[in-house]
Amino acid sequence: METEESFNLAIRRMLRSSATHYVFHITLSNFGFIRSNPELFLFMQNTIKDIARGAAGVVYPMRRGDQFLVFPIDVGSKIGEITEHIMTAAFPDQKPDNSQDHPLVKVFTIPKDYTALRETANACMEDSAGKGDGAGGGPTIRPIEEDLDGMLNAWALSRLEIALAEIDLSPYMRAQMVFETDHQGHWRPLFEECFTSVTDLRRDKFPKLTLQTEDRMFAEFCRALDRRSVPEILRRHRSKPGHTRSFNISLATCQVPFFERFMRESTDLERRTLIIEINRSDFLHKPRESVKILAALRAAGFGTALDGITLDLLPYTNLHRLDVDYFKIALSPGHMALLKDADCVASLKKLPRGKIILCRCEKESALPVGQAFGLTKFQGWVIDRLATGGVA
């Protein structure tokens, strides 16, 4: 039942998302020759898992034998190929008659086919449970701090998204200034970055959950945070006109109704004083879409920045060709030695110096290192202390 409840949560998550998803219902339970042959049944299950793994999909097996596969929008052009692969595995000599009442593969497009999927999933789960609609009979979901233990996966993400709807995020919203220096000890605030402290949120709400920032599921988690935090940041921005601020946003959030409405209804001043930061993970995953969205943001009057750049990434990219207002490069202590690497230095020098912000500066050595490269913009806890203390 835990897997079926997980699929229930995944359906709700897809409905709340603005992105298109494809859900395959593999009705193995409708074919007696598959169910009665353990080797064939296992072969079909493994084939389905391999297909899902190869297309960034998630498999939800039902207890009666059916399987649901959830794919992101990218798989749209491969629907026919995936269906053919599954059909060939089950029927190597021929395909089942398309006129039959229970075909092997049914494909739902969400959100368009949400109602049909919901009905199919309910019927499948009711048959599996051997009772009615199960109202009040489902498993009790434990408190989130007890439930989430281990790596962030699809089930944990579904639980997080439900919990985030109930969590007051305002105590976890932070701000940090980006400063500019004239190399003579004079600091000028440039803009304020607003963000949600994932570290503090995890510590208080789900301390046993392991988050890996480079993982795809972490990106999905950040999108879920966007849906809660970005509207509040926009509200605060409108309540304090003329104050320049930034926030990090996913590509998906740039296209949700509430942000598109803000783009249409905001004033020129509100847009000019707002810098939208796109993380490098979104840019590397969907470069063409990222460039298109960044161009649209700039055309609307927003400032733009590419965040999450690391020194080890620079030699393998041509980021200097990207038209943004700022490049935020993390100067972590573990990567400082790369500033002696010829390829890294050459790539760094290709970027317009006036657009580079050295961020996550944790040691005072970050300042002279940046100044040696002619950089003037910095962000980090050590910079907060130096700037507010008036000592460079």
Roughly how far, to the nearest 0.5 Å, is CG of N248 from CG of D307? 4.5 Å

Identify whether the distance between the nearest side-chain nitrogen and carboxylate oxygen of D182 and R188 falls below 4.0 Å. no

When you group the ILVMFWY residues by side-chain heavy-atom contacts below 4.5 Å and let the links chain together, are V324 and I329 in the same group? yes

Taking all atoms of both residues into account, what is the closest heavy-atom pair of L331 and A366, and its distance? CD2-CB, 3.6 Å

Where E260 and C254 come nearest, the two heavy atoms and their spacing: CG-O, 3.9 Å

Does any non-hydrogen side-chain atom of T120 lie less than 4.5 Å from one of K106? no

On a heavy-atom basis, the closest approach of N279 and G308 is ND2-CA, 4.1 Å

Steps toward side-chain contact (heavy atoms from CB on, under 4.5 Å) verdict (M151, Q212): CA-CA 8 Å; M151 299 296 297; Q212 293 183 322; 3.3 Å; yes

Stepwise, does the side-chain contact (heavy atoms from CB on, under 4.5 Å) test hold for D226 with F259? CA-CA 11 Å; D226 279 353; F259 189 74; over 6 Å; no

Residue pair F378 / Q371: nearest heavy atoms and the distance that separates them: CZ-N, 4.2 Å

Any chance you could lay out the side-chain contact (heavy atoms from CB on, under 4.5 Å) test for L152 and L209, step after step, and finish with the verdict? CA-CA 6 Å; L152 177 63; L209 188 65; 4.0 Å; yes

Here's a test for you: under side-chain contact (heavy atoms from CB on, under 4.5 Å), which of R360, K363, Q176 qualifies with W381? Q176

Backbone N/O of P171 and side chain of R174: donor-acceptor pair under 3.5 Å: yes

Do C194 and R236 come within less than 4.5 Å of each other through their side chains, counting heavy atoms only? no

Is it the case that one hydrophobic cluster holds both M336 and L375, taking links as side-chain heavy atoms less than 4.5 Å apart, direct or via other members? yes

Are I48 and L28 close enough that some pair of their side-chain heavy atoms sits under 4.5 Å apart? yes

Any non-hydrogen side-chain atom of L225 less than 4.5 Å from a side-chain atom of Y172? no

Using the side-chain hydrogen bond (donor to acceptor under 3.5 Å, both in side chains) criterion, which residues pair with D268? Sequence neighbours excluded. R271

Kindly work out whether a path of hydrophobic side-chain contacts (I/L/V/M/F/W/Y, heavy atoms less than 4.5 Å apart) joins L294 to L319. yes

In this structure, would V70 and I110 fall into the same cluster of hydrophobic residues linked by side-chain contacts under 4.5 Å? yes

Hey, are S250 and D282 close enough side-chain-wise for a donor-acceptor pair under 3.5 Å? no

Restricting to non-hydrogen atoms, name the atom on I86 and the atom on M44 that form the minimum distance, rounded to 0.1 Å. O-CE, 3.9 Å

Measuring only between side-chain heavy atoms, which start at C-beta, is F283 closer than 4.5 Å to V291? yes

Would you sort out whether H25 and D66 count as a side-chain contact (heavy atoms from CB on, under 4.5 Å), showing the intermediate values? CA-CA 7 Å; H25 180 203; D66 286 5; 2.9 Å; yes

Say whether, by atom type as modelled, one donor and one acceptor occur between the side chain of D325 and the main chain of A305 under 3.5 angstrom. no

Indicate whether the side chain of N122 and that of R118 have a donor and an acceptor atom separated by less than 3.5 Å. yes

Fit a plane to each ring of F179 and W187, take the angle between them on a 0 to 90° scale, and name the class: parallel (under 30°), tilted (30 to 60°) or perpendicular (over 60°). perpendicular

For K78, I'd like to know if atom NZ has over 12 heavy atoms of other residues, nucleotides or ligands within 6.0 Å. no

Do any N or O atoms from the side chain of R202 and from the backbone of P207 form a donor-acceptor pair under 3.5 angstrom? yes

Is there a side-chain contact between F373 and L358 in this structure, where contact means two heavy atoms from C-beta onward sitting under 4.5 Å apart? no

Check for a donor-acceptor pair, side chain of N318 on one end and backbone N or O of R321 on the other, with a separation under 3.5 Å. no

Validation row: F247, L234 side chains within 4.5 angstrom (heavy atoms): yes

Do side-chain atoms of R223 reach the backbone of T253 as a donor and acceptor pair under 3.5 angstrom? no

For K328, is there an ion pair with E193 - N to carboxylate O distance below 4.0 angstrom? yes

Tell me if a side-chain donor or acceptor on T27 pairs with a main-chain N or O of L104 at a distance below 3.5 Å. yes

Given salt bridge (Lys or Arg N to Asp or Glu O under 4.0 Å), test R235 with E232 step by step and report yes or no. CA-CA 5 Å; R235 186 196 65 78; E232 173 61 17; 2.7 Å; yes

Locate the shortest heavy-atom distance separating E180 from K377; write the atom from each residue and the value. OE2-NZ, 3.2 Å

So T109 and V23, do their side chains get closer than 4.5 Å, heavy atoms only? no

Applied to residues 316-365, the ring pair (Phe, Tyr, Trp, His ring centres under 6.0 Å) test, sequence neighbours excluded, yields F191-Y326

